[in-house]
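To start, the structure itself, in structure tokens.
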Amino acid sequence: MASQASKQPALRAPPGLEGVIVADTMISKIDGIGGKLIYRGYNVQDLPGKASFEAVAYLLWTGHMPNEEELLIFKRNLKRHRKISEKLVMFLKEAVPKSAEPFVVLRTAVSYLQMVRSKENPRDDPVLENGTALGAQFPTILAYFHRIRKNKEIVEPNPDLDHAANYLYMLSGKEPSEENAKALDSYLILLADHGMNASTFSARVTISTLTDLYSAIVAAIGTLKGPLHGGAPSQVWEMLESIGEEELVETWLLDRLARNERIMGFGHRIYRTEDPRSKVLKGIASKISDPKTFALANTVEEVARRILQQRHPERPLDTNVEFYSSLVLNAVGIPTDLFTPTFACSRVFGWIAQILEQLENNRIFRPTTEYVGPPNLSL
Ligand SMILES: CC(C)(COP(=O)(O)OP(=O)(O)OC[C@H]1O[C@@H](n2cnc3c(N)ncnc32)[C@H](O)[C@@H]1OP(=O)(O)O)[C@@H](O)C(=O)NCCC(=O)NCCS
């Protein structure tokens, strides 16, 4: 029997599904007018410095802030999973070209991990178990690949260090300063979840077919890679490098707009004011970035905001999360082509939270299309 829904006339969604609610969620809420982002009831701006990234990841997955013991167990679990399979290490060393894009390596490694994962100690919930392993292993995959491509010895995870500090340690071989570890921890907190963004939607659509977690995460990584989503911070950095001097900012931006190209790190589908994460990242960047770069970024922000406002008086175009992310990531020593993969190290925890939520009350995503091609052709 045809369902009630299929008897109703189809509704036309706006392009890009703008403004369409596709799920109820208890994970995160964006107030685009007020410029607020809430994780499970907490204002995200209040979290950096007060809670660790691991505590926030736990919050996203479970719905409550961990107590001391819960946090200890969660951190221990993540640390236990940090090492990657020897087969994957050999694959990274022998099969992956050193010139490969790190984000492509990450996407491929997640697929590879599914084939070689250990099936020991399966817990009740394979999504949680495999999710913990994936969340723990993203930094290891990236740091190992980075060192392999630079012909350096890989640096094994250090169980004495927390998630953010350990990532920096595995990349450089040196324990990071407390300031840099905290800066990266804050960055990871701020980027962990963000409503129904494109990669989260991909993850939820993919898991809604009841496929496996790895496939959903691969789909999400592929979606995050695009410059309209997570691929912007390296382009922001390249823009700052290409502008070079504060006096050149206005001409550079006008030239770019004249070529009908967008200014990276500006604009957002939901925010009609400054992205709240951008404010926090700007504060961090002001403390840890090189002062000349910070001054240049400030000038770009001011000039771009003015120019964009003249072009789009109907819609404020302000900095988004990617703009000051690029300064923070550079300052803590992350190479430019690892900016978006590092974003994924944070967002993977949000994807998993959203996948768990999708599975709690699943219905396969299956919208429809309007056929607008030629009618009734015959051969
Ligand atoms: C993030 C983004 C994709 C949101 O897009 P959106 O809400 O779908 O907005 P639209 O693509 O419909 O753009 C609306 C108008 O604003 C303009 N616009 C939006 N962002 C712009 C930017 N960064 N630079 C210049 N113009 C921009 C568009 O050109 C368009 O103008 P038009 O109506 O004259 O064609 C968009 O702002 C963008 O491309 N930003 C740059 C990339 C970036 O920073 N991505 C990281 C996102 S966190």
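The structure presented is a predicted model; accordingly, all values stated were derived computationally and were not measured. Just so you know, ligand 1 is whichever comes first in the structure, and atom 1 is the first atom listed for that ligand.
In this structure, the protein non-hydrogen atom closest to atom 41 (C) of ligand 1 is Phe266 O, 3.4 Å. Looking only at heavy atoms of the protein, atom 33 (O) of ligand 1 is closest to His312 CE1, 4.1 Å. Summary of contacts: the protein heavy atom closest to atom 25 (C) of ligand 1 is Leu308 CD2, 3.5 Å. Ranking the protein heavy atoms by distance from atom 42 (C) of ligand 1 puts Met264 SD, 3.5 Å first. Protein heavy atom in closest approach to atom 20 (N) of ligand 1: Leu317 CD2, 3.8 Å.
Distances from ligand 1 to the non-hydrogen atoms of Gly16 include no value under 4.0 Å. Remark: distances from the non-hydrogen atoms of Pro227 to ligand 1 include one below 4.0 Å. Within the structure, ligand 1 has His229 among the residues with a heavy atom less than 4.0 angstrom away. Assignment of Leu257 to the shell around ligand 1 is supported, since a heavy atom sits closer than 4.0 Å.
Comment: Glu153 does not engage Arg147 in a salt bridge, judged by the lack of any side-chain N to carboxylate O separation of less than 4.0 angstrom. A salt bridge is defined here as a Lys NZ or Arg NE, NH1 or NH2 lying under 4.0 Å from an Asp or Glu carboxylate O, and Glu301 with Lys282 meets this definition. Of the charged side-chain nitrogens involved, none lies within less than 4.0 Å of a carboxylate oxygen, so that Glu302 and Arg306 do not count as a salt-bridged pair. We find that Asp193 and Arg347 are not joined by a salt bridge, their nearest charged nitrogen and carboxylate oxygen being 4.0 Å or further apart. We find that Glu156 and Lys83 are joined by a salt bridge, their nearest charged nitrogen and carboxylate oxygen being less than 4.0 Å apart.
Using the six-membered ring where Trp is involved, Tyr324 and Phe294 have ring planes that are tilted, between 30° and 60° apart.
Residue contacts with ligand 1: Asn320 is placed with a nitrogen or oxygen under 3.5 Å of a nitrogen or oxygen of the ligand (distance criterion only). Between Val321 and ligand 1, no N or O atom pair is found at a separation short of 3.5 Å.
Residues His229 and Ser199 bring a donor and an acceptor atom of their side chains to less than 3.5 Å of each other. One side chain, Thr299 or Glu246, offers a donor N or O that lies under 3.5 Å from an acceptor on the other.
For atom 35 (O) of ligand 1, the protein comes within 4.0 Å by no heavy atom at all.
Cluster membership check: Val218 does not share its hydrophobic cluster with Phe201, using side-chain heavy-atom separations under 4.5 Å among Ile, Leu, Val, Met, Phe, Trp and Tyr.
Near Gly265, meaning under 4.0 Å from any of its heavy atoms, are these atoms of ligand 1: 43 (C), 44 (O).
Taking only non-hydrogen atoms, the option from Arg315, Arg262, Glu18, Arg269 nearest to atom 11 (O) of ligand 1 is Arg262.
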